[in-house]
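Side chains included, hydrogens not; waters and symmetry mates left out as well; all remaining heavy atoms used. We number each residue from 1, following the sequence as shown. What you see is a predicted model, and the numbers here were worked out from it, not measured in a lab.
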Amino acid sequence: MRARLWMLLLEVTTFTVADFASRDFSPRGISTPWLSQVETAVPPQNLRERFPTHNFETSIDHLHNETQYEPHTTEKFKLRYWFNKDYYKPGGPVIAVIGGEAPAINRLIYINSGAGGRLAKATNGITVLIEHRYYGESFPVKNLTNESLRFLSVPQALADLSAFAKEIKFPGVDEDVTAPKTAWIAYGGSYSGALVTFLRKLYPDVWWGAISSSGVPEAVLDYWQYNEAARLYAPQDCVRIIQDVIQLVDNILLGNNTSLKEKLKTTFGFPASVDSQAFAELFSGSLGGWQGRHWYPKENSASVDTACADIRKTEPTSSSLESKREAVEELVRAEGSLKVDDDFITRLLNWMNKINKTVLLPCSLGGRSPENCLSGPSSRGGREAATKTDIKQTWRSWSWQLCTQWGFFMTGDVTPNIRPIVTRLTDLEYSAKMCGTLFNRTLAQVDTASINQWGGVNISYPRLAHIDGESDPWRWASPHAPYAQKRNDTIDEPFIEIEGAGHHWDTIGLEPEEIGKITVPAPVVKAQAYTERFVKKWMEDFVTQKHNSRFV
C-alpha cells in the first residue's frame with residue numbers, strides 16, 4: 001500500500017502509548033498495524049478529471065453456505081472503480097489494480113504512470129483500479145457494529161473482485177472484456193498483494209495471472225519481525241544507540257529491583273505506580289517510520305532520518321535537565337550492563353526532554369496527570385470513542401480484519417539472541433488489547449488459519465509473481481521471508497527480491513514531467529522491466545489458447 005499510504009498509514013505502523021497523550025481513540029491510538037499507510041493527500045486534479053469514478057453493483061453476501069455470515073442477505077452494494085483505456089486495443093488484457101485497506105482513489109497514479117498503466121501500455125490493455133469493500137466509499141452497510149462488519153472478510157472481498165472481472169462492462173468499451181474471454185491480470189501491493197495471490201489460486205478460471213508486490217500472504221499473530229528491517233538496515237550507529245536505551249529500560253523493568261524500577265519512572269517524570277508496559281513504550285518506535293522510506297519523493301518519509309539525527313545528538317537539548325544528570329548516571333550504573341558514558345547520559349537526558357515535550361506537557365495542558373496519560377484510553381474519553389460505530393469510524397474496518405483474520409500485532413517479543421529496538425514489555429496480549437476494547441474479541445478468535453490454509457509464505461501457482469523489497473518490514477510475512485521455502489525465479493512464476501528496496505517500490509512510475517528530474521533506483525528499473533517481459537509472455541500464452549478453454 002503505498003508507503004505514504006499506510007505507512008500511510010502509519011505514518012502508521014506502530015503507534016506507541018505516547019500517542020494517547022495527544023490523540024483521540026483511533027487506529028493510531030490503539031497501535032493498529034497498517035500495511036500500507038494511509039494516503040491522505042487527494043490525487044491530482046488532472047487524474048480525477050481523466051479517470052472519473054464509476055460504480056459496480058455486487059452482492060453484500062456472496063457466501064450463503066457459510067454460517068459466519070448469518071443472518072445472510074441478498075442485498076447489493078456499489079464498489080467504486082476507475083479505469084484507463086488509453087492504451088487499449090481489442091485482444092489486450094485487463095490489468096486490475098486491487099485496492100487495499102484505504103480509499104482507492106488515492107491510488108489513481110497506479111493506473112496512469114504506475115504499475116497498472118505501465119503494464120497496460122506494454123500489452124495494449126485496459127487498467128482498472130477497484131476499491132475494497134468497507135473502504136473509501138464502498139461501504140455495504142450503514143454502520144460499523146460487529147454485526148455490520150461480519151461481511152468484511154478476505155473470502156467476501158475475493159468474491160467481489162471475481163464477480164467484477166466476470167461481469168463488468170466498461171463505459172465506452174464496445175468489446176466484451178470480461179473474464180475468461182479476456183485475460184485478467186491482478187496487481188496488488190501489501191495487503192492487496194496478498195489478495196491477488198489468493199485470487200490466482202482460488203479463482204484460476206477468472207484470473208489469468210497475478211502480480212504480488214510486497215504481498216503478505218502469511219497471517220501472523222505475533223509479528224515481532226516487523227522491526228527487523230529497521231534493526232538490520234537502518235543506520236547502524238542509530239540502531240545501536242536505541243538498542244542501548246532499550247536494554248537499560250528493559251533490564252530494569254523486567255528485573256526484580258522494585259526500587260530501581262520506581263527510580264527509573266520518577267526520574268523521567270512519572271509516578272512510580274505508572275504502568276510499566278505503557279512507560280516502556282515511550283522508548284520504542286523511534287524507527288517506526290522505516291516503512292515510509294521511498295525512492296519517489298512524493299512518497300518518501302524522512303521520519304527515520306529526523307529521528308536518528310535527534311538520537312545522535314551529544315549536545316543537551318535542554319539546559320533545565322542538567323540537574324537530572326547525576327540521577328541518570330546512577331540509573332545506568334545500577335543497571336550495570338552499559339558503560340556510564342557522557343554521550344550516552346546526554347542522549348538519555350535528550351530523550352527525557354522529548355518525553356517532556358510530547359507527553360508530559362500535553363498531559364499537563366490537558367489537565368491530566370502523567371499517570372492518567374499513560375493509563376490508556378479509558379481515562380480520557382477513549383473508551384467512549386471506542387464504542388462509536390457510526391460509518392465515519394472508518395478506521396474500524398482494518399482493525400476488524402486484524403482482529404478476525406490477520407493478527408499482525410507488533411510486539412517486542414524477539415528471540416533471546418536479538419538486541420531489540422523496541423521494548424520486550426510490549427507482548428502479544430498487550431498489543432492485541434484493542435480487539436477486546438473495540439470488538440469484545442479475544443486472541444483465540446483471530447483465525448489466522450483461515451488465511452494460511454492457502455499456503456502462507458509458500459503459496460505458489462502458475463503465473464503468480466512475487467516481488468519484494470530486501471529491506472521491507474513486511475518481507476517476513478512474504479514468500480521472501482527467511483524461513484520460506486527456497487524457490488527459483490522463472491517466467492511462469494517470477495520471484496524477485498529488489499536489492500535495497502522497501503515497501504512495494506516497484507509500483508510507482510514517473511509522470512512525464514518528472515522524467516529526467518527524479519532518478520529511479522537501478523534495481524527498481526530492472527524489476528519493472530522484467531515485469532513487463534513476463535506479462536508479455538503470459539499474454540503470448542493466452543493468445544495460443546482458445547478464450548473459452550479452462551485455465552490451468
For the ring pair [X] and [Y], is the centre-to-centre distance below 6.0 Å?
| X | Y | value |
| --- | --- | --- |
| Trp476 | Tyr223 | no |
| Tyr81 | Phe56 | no |
| Tyr135 | Trp398 | no |
| Trp538 | Phe534 | yes |

Between [X] and [Y], is any pair of side-chain heavy atoms under 4.5 Å apart?
| X | Y | answer |
| --- | --- | --- |
| Trp208 | Pro93 | no |
| Thr58 | Phe77 | yes |
| Tyr110 | Ile508 | yes |
| Tyr187 | Leu129 | no |
| Phe170 | Lys85 | no |
| Ile111 | Phe83 | no |
| Leu199 | Ser162 | yes |
| Val220 | Phe408 | yes |

Within the side chain of [X], is there an N or O that forms a donor-acceptor pair under 3.5 Å with the backbone of [Y]?
| X | Y | value |
| --- | --- | --- |
| Trp400 | Leu149 | yes |
| Arg107 | Val97 | no |
| Asp468 | Arg475 | no |
| Trp505 | Trp295 | no |
| Gln453 | Ser450 | yes |
| Glu131 | Ala104 | yes |

Problem - Arg50/Asp86 ion pair, N-O < 4.0 Å - result: yes

Handout entry: Check ion pair Glu57-Lys76 (N to O, under 4.0 angstrom)
Key = no

Nearest 0.5 Å please: distance from the [atom1] atom of [X] over to the [atom2] atom of [Y].
| X | Y | atom1 | atom2 | value |
| --- | --- | --- | --- | --- |
| Thr389 | Leu438 | OG1 | CG | 11.0 Å |
| Lys537 | Thr490 | NZ | OG1 | 10.0 Å |
| His64 | Glu70 | NE2 | CD | 11.0 Å |
| Glu218 | Tyr483 | CD | OH | 5.5 Å |
| Asn112 | Lys121 | CG | NZ | 10.0 Å |
| His480 | Ile496 | NE2 | CD1 | 8.0 Å |

Could you report the tightest heavy-atom contact between [X] and [Y], atom names first, then the distance?
| X | Y | result |
| --- | --- | --- |
| Leu443 | Phe409 | CD2-CE1, 3.9 Å |
| Cys308 | Leu287 | SG-CD2, 3.8 Å |
| Gly502 | Ser214 | O-OG, 4.1 Å |
| Ile459 | His466 | O-NE2, 3.5 Å |
| Ser286 | Ala307 | O-CB, 3.4 Å |
| Ser471 | Ala229 | O-CB, 3.4 Å |

Practice task
Using the salt bridge (charged side-chain N to carboxylate O under 4.0 Å, His left out) rule, collect all pairs that involve residues 505-522, keeping only residues at least two apart or in two chains.
Solution key: Lys298-Glu514

Is it true that the side chains of [X] and [Y] contain a donor and an acceptor less than 3.5 Å apart?
| X | Y | answer |
| --- | --- | --- |
| Glu49 | Asn46 | no |
| Thr178 | Asp176 | yes |
| Trp406 | Thr448 | no |
| Thr394 | Ser397 | no |
| Ser190 | His503 | yes |
| Ser212 | Arg200 | no |
| Asn143 | Thr145 | yes |
| Ser153 | Tyr69 | yes |
| Glu493 | Ser460 | yes |

Taking [atom1] in [X] as the centre, count heavy atoms belonging to other residues, nucleotides or ligands within less than 6.0 Å. Is the count above 12?
| X | atom1 | result |
| --- | --- | --- |
| Lys392 | NZ | no |
| Asn440 | CG | no |
| Glu167 | CD | yes |
| Lys201 | NZ | yes |
| Gln445 | CD | yes |

Exercise for the section: Apply the test side-chain contact (heavy atoms from CB on, under 4.5 Å) to residues Arg441 and Val446: give CA-CA distance (whole Å), side-chain angles for both, the deciding distance (0.1 Å), then the verdict. Expected result: CA-CA 8 Å; Arg441 295 181 66 89; Val446 184; 6.0 Å; no

Practice task
Quick one: do Tyr226 and Trp474 satisfy ring-ring contact (aromatic ring centres under 6.0 Å, His included)? Show the steps, please.
Solution key: CA-CA 6 Å; Tyr226 180 82; Trp474 294 101; 5.2 Å; yes

Practice task
Let me see the working for Arg293 and Asn300 under side-chain contact (heavy atoms from CB on, under 4.5 Å), right down to the final yes or no.
Solution key: CA-CA 5 Å; Arg293 301 170 310 113; Asn300 184 55; 4.1 Å; yes

Practice task
Please step through side-chain contact (heavy atoms from CB on, under 4.5 Å) for the pair Leu119 and Thr127, ending with a clear verdict.
Solution key: CA-CA 8 Å; Leu119 292 174; Thr127 184; over 6 Å; no

Exercise for the section: Check the angle between the aromatic planes of Trp184 and Phe164 and answer parallel, tilted or perpendicular using the 30° and 60° thresholds. Expected result: perpendicular

Practice task
May I ask you to check if Arg231 and Trp290 form a cation-pi contact, with NZ or CZ under 6.0 angstrom from the six-membered ring centre and within 45° of the axis?
Solution key: no

Exercise for the section: Using the side-chain contact (heavy atoms from CB on, under 4.5 Å) rule, take Asp489 and Tyr530 through it: C-alpha gap first, then chi angles, then the decisive distance, then the call. Expected result: CA-CA 11 Å; Asp489 169 38; Tyr530 180 38; 2.8 Å; yes

Exercise for the section: With side chain to side chain donor-acceptor pair (under 3.5 Å) as the test, would you mind laying out the steps for Thr531 and Arg118 before giving the verdict? Expected result: CA-CA 10 Å; Thr531 303; Arg118 188 168 59 247; over 6 Å; no

